[in-house]
Amino acid sequence: MSEERIKRMKDLPSTHLLGSGTPMCSGCGGLEALHQIYDVLGENTVFVNAAGCMTLLSVYPFTPFRGSWLYTAMASAPAGAQGVRDALDIQLAQGRLAPEDDLEVVVLTGDGSAYGMGLSATSGAMDRDLDFIYVCYDNEGYGNTGQQYSSATPHAAATATSRGNRGYPGYKKDLFAIWAAHRPAYVATVIGSEPLDLARKIEKARGMRGPRMIIALAPCPTGWDYDPKDSVEIGHLAVKTGVWPLREYVDGQVVHTRVPRDRPPVEEYLRLQGRFDHLFRPEKDSAVIADIQARVDSYWEGIA
Ligand SMILES: Cc1ncc(C[n+]2csc(CCOP(=O)(O)OP(=O)(O)O)c2C)c(N)n1
Ligand code: SF4
Ligand SMILES: [Mg+2]
C-alpha cells in the first residue's frame, strides 16, 4: 500500500468510511446503508463482521472505520460480539474503562449469515439479551462469492445457483418476523434510499439497550444485474411497490413507518433487474409475475 494511500486513509474525516479506494462495486446499496448507519453511530463502536462483501472494507492492519473492527467466521459474529461485550463489561466493572469510553458493539453481516449460517448464534444472543446492535445488509444472495442463492433470495430471481427460466424456486424468508418472535428490544427494516427513515431508526436503536436488530435491503448492481446508477431508483421502487416493507418492532408491536399508497405493480421493480429478465424475455411469464404480485398484495391487506 502506497504511503500516499495510507495518508489519505488516516486523513479521512472521523465519521467517513469511504474514499479509501475500497474494492466495493459502485452503486452498492449495502455500502450506501452502512455509510449512513455509521454516520449516526459514530466512531465509539466495535464492528464485528462476518465474512461477506463488507469484509473487503478492511485490509489488515487498516480499516476505513475510525473505531475498531473484528472479523469472524460467517456463523459466529453474534458469538464474537458476546465476547467483546463481556470484555468491555469486565473492564468497566474493574474501573479500567471509564463509562464515557464504553463502546457500542455492532454486528455487521450479510444475509447469508443473518438468514442462514448465523441464525442460531443470533437466536442465542437474543435469548441472552446481549446488549448489541445487529446490522444485516441484505443483498439477497452470497454476493462476495458470486451471488449464489441464500434464504433471503426472492422467488424467481436468477442466481449463480438458480439459473434457467425459473430462477430461485423458494421464497424469501421473513427474518424480521423471526427476529421479532424472540422479543428483542428493537427490530427494524431500513433501506439506504430512504435516509430519513433509516437515520430515525438507527438513532432510536442507539438510545436503547439489549438486542437491537436492523435489516437493510441492499440493492446490489452486481448480483441483481442492473446499472449502478439505478440503485436509488430500485430502492425507491422496492418501498413504493410494497416489496420491502419499512417497519419496526418495539414493545411487542409491529408498526409500519411507511405504508405505500397506490402501489405501482411489482413488475416495475422487477423489470429493472437482469436477475428477473427471464420473466419478461423471450416471453412474459405472467403467471409468475402475478404470483409475486399476489404475495405482496396479501402482505399489505388490512395494514392501514
Ligand atoms: C462457513 C463458511 N462458508 C463459506 C464461506 C465463504 N464465503 C465467504 S463470504 C460468503 C458469502 C456471504 O454471503 P452474505 O452473508 O450474504 O454476504 P455478502 O457476500 O452477500 O456480502 C461465503 C459463502 C465462509 N467464509 N465461511
Ligand atoms: S456484490 Fe453487491 S453487495 Fe457486494 S460490494 Fe458489490 S454491489 Fe455491494
Ligand atoms: Mg448477501
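Atom set for the values below is all heavy atoms of this structure, side chains included, hydrogens, waters and symmetry mates excluded. Every number for a ligand or one of its atoms is a count from 1 in the order of the listing. The residues of the chain are indexed from 1 along the displayed sequence.
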Which ligand 1 atoms does [X] reach within 4.0 Å, using its non-hydrogen atoms?
X: T145; result: 7 (N), 10 (C), 11 (C), 22 (C), 23 (C)
X: G143; result: 18 (P), 19 (O), 20 (O)
X: G141; result: 16 (O), 20 (O)

Quiz item: Does even one non-hydrogen atom of N139 get within less than 4.0 Å of ligand 2?
Solution: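 Contact present.
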Quiz item: If you measure from each heavy atom of P221 to ligand 2, is any distance below 4.0 Å?
Solution: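 Heavy atoms of P221 do come under 4.0 Å of ligand 2.
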Closest protein heavy atom to [atom], given as residue, atom name and distance to 0.1 Å:
atom: atom 9 (S) of ligand 1; result: N144 OD1, 3.5 Å
atom: atom 14 (P) of ligand 1; result: G112 N, 3.4 Å
atom: atom 24 (C) of ligand 1; result: M74 SD, 3.7 Å
atom: atom 25 (N) of ligand 1; result: A51 CB, 3.6 Å
atom: atom 6 (Fe) of ligand 2; result: C25 SG, 2.3 Å

Quiz item: Between R263 and D297, is the closest basic N to carboxylate O distance under 4.0 Å?
Solution: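 R263 and D297: salt-bridged.
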Practice problem: Could you tell me which atoms of ligand 2, counted from 1 in the order shown, lie closer than 4.0 angstrom to a heavy atom of C53? | Solution: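 Near C53, meaning under 4.0 Å from one of its heavy atoms, ligand 2 has 1 (S), 3 (S), 4 (Fe), 5 (S).
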Exercise. Show which atoms of ligand 2 fall inside a sub-4.0 Å distance from at least one heavy-atom site of M24.
Key: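 Close to M24: 5 (S).
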Quiz prompt | The one among M117, E140, M24, Q148 that brings a heavy atom closest to atom 3 (N) of ligand 1 | solution =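 Answer by nearest heavy atom: M117.
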Self-check item: N139 near the Mg ion (ligand 3) via N/O/S, less than 2.8 Å
Solution: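 N139 does place an N, O or S atom closer than 2.8 Å to the Mg ion (ligand 3).
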Practice problem: Using a cut-off of strictly less than 2.8 Å, determine whether E140 has an N/O/S atom near the Mg ion (ligand 3). | Solution: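 Of the N, O and S atoms in E140, none lies under 2.8 Å from the Mg ion (ligand 3), which means no.
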Exercise. Could you please spell out the steps behind the salt bridge (Lys or Arg N to Asp or Glu O under 4.0 Å) verdict for E140 and R275?
Key: CA-CA 11 Å; E140 304 191 317; R275 63 179 174 159; 2.8 Å; yes
Quiz item: Going by the angle between their ring planes, with limits at 30° and 60°, are W69 and F47 parallel, tilted or perpendicular?
Solution: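 Correct class here is parallel.
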Quiz item: Stepwise, does the salt bridge (Lys or Arg N to Asp or Glu O under 4.0 Å) test hold for D131 with R212?
Solution: CA-CA 8 Å; D131 187 20; R212 290 149 289 158; 2.9 Å; yes
Quiz item: Where the Mg ion (ligand 3) is the centre, what is the O-to-OD1 angle for G141 and D111, rounded to 10°?
Solution: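 It comes to 100°.
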Quiz item: Within 45° of the axis and under 6.0 Å from the centre of the six-membered ring of F176, does NZ or CZ of R247 qualify?
Solution: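 Satisfied, under 6.0 Å and within 45°.
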Exercise. Calculate, to the nearest 0.5 Å, the distance between atoms CE and CD1 belonging to M213 and I133 respectively.
Key: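 Interatomic distance, M213 CE to I133 CD1, rounded to 0.5 Å: 10.5 Å.
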Quiz item: Between CD of Q147 and SG of C53, what distance do you get to the nearest 0.5 Å?
Solution: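 Output value for this atom pair is 8.0 Å.
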Quiz item: Within less than 2.8 Å of atom 8 (Fe) of ligand 2, any N, O or S from C220?
Solution: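 Not a single backbone or side-chain N, O or S atom of C220 is under 2.8 Å from atom 8 (Fe) of ligand 2.
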Exercise. Look at the side-chain heavy atoms of Ile, Leu, Val, Met, Phe, Trp and Tyr, link any pair under 4.5 Å apart, and say whether I191 and V259 land in one connected group.
Key: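 Yes, I191 and V259 fall within the same hydrophobic cluster.
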If we only consider heavy atoms of [X], is any one of them less than 4.0 Å away from an atom in ligand 1?
X: S113; answer: yes
X: A114; answer: no
X: Y137; answer: yes

Practice problem: Return yes if a side-chain donor-acceptor contact under 3.5 Å exists between Y226 and S231, otherwise no. | Solution: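 Their side chains do contain a donor-acceptor pair, which is all the 3.5 Å distance test asks for.
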Practice problem: State whether the number of non-hydrogen atoms from other residues, nucleotides or ligands found under 6.0 Å of Q253 atom CD is greater than 12. | Solution: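 No.
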Self-check item: Nearest non-hydrogen partners of T109 and Y134, listed with the distance
Solution: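 Looks like OG1-OH, 2.7 Å.
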Quiz prompt | N/O/S atom of C28 inside 2.8 Å of atom 4 (Fe) of ligand 2, strictly under | solution =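 So C28 does not count as coordinating atom 4 (Fe) of ligand 2.
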Practice problem: Using a 4.5 Å cut-off on heavy atoms from C-beta on, say whether the side chain of V105 contacts that of L130. | Solution: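 No, every pair of side-chain atoms sits at 4.5 Å or beyond.
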Exercise. Return a yes/no value for C53: is any of its N or O atoms, backbone included, closer than 3.5 angstrom to an N or O of ligand 1?
Key: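 Between C53 and ligand 1 (N or O atoms, distance only) the closest approach is under 3.5 Å.
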Practice problem: Decide yes or no on ring pair (Phe, Tyr, Trp, His ring centres under 6.0 Å) for H182 and Y249, but give the supporting numbers first. | Solution: CA-CA 11 Å; H182 289 75; Y249 164 93; over 10 Å; no
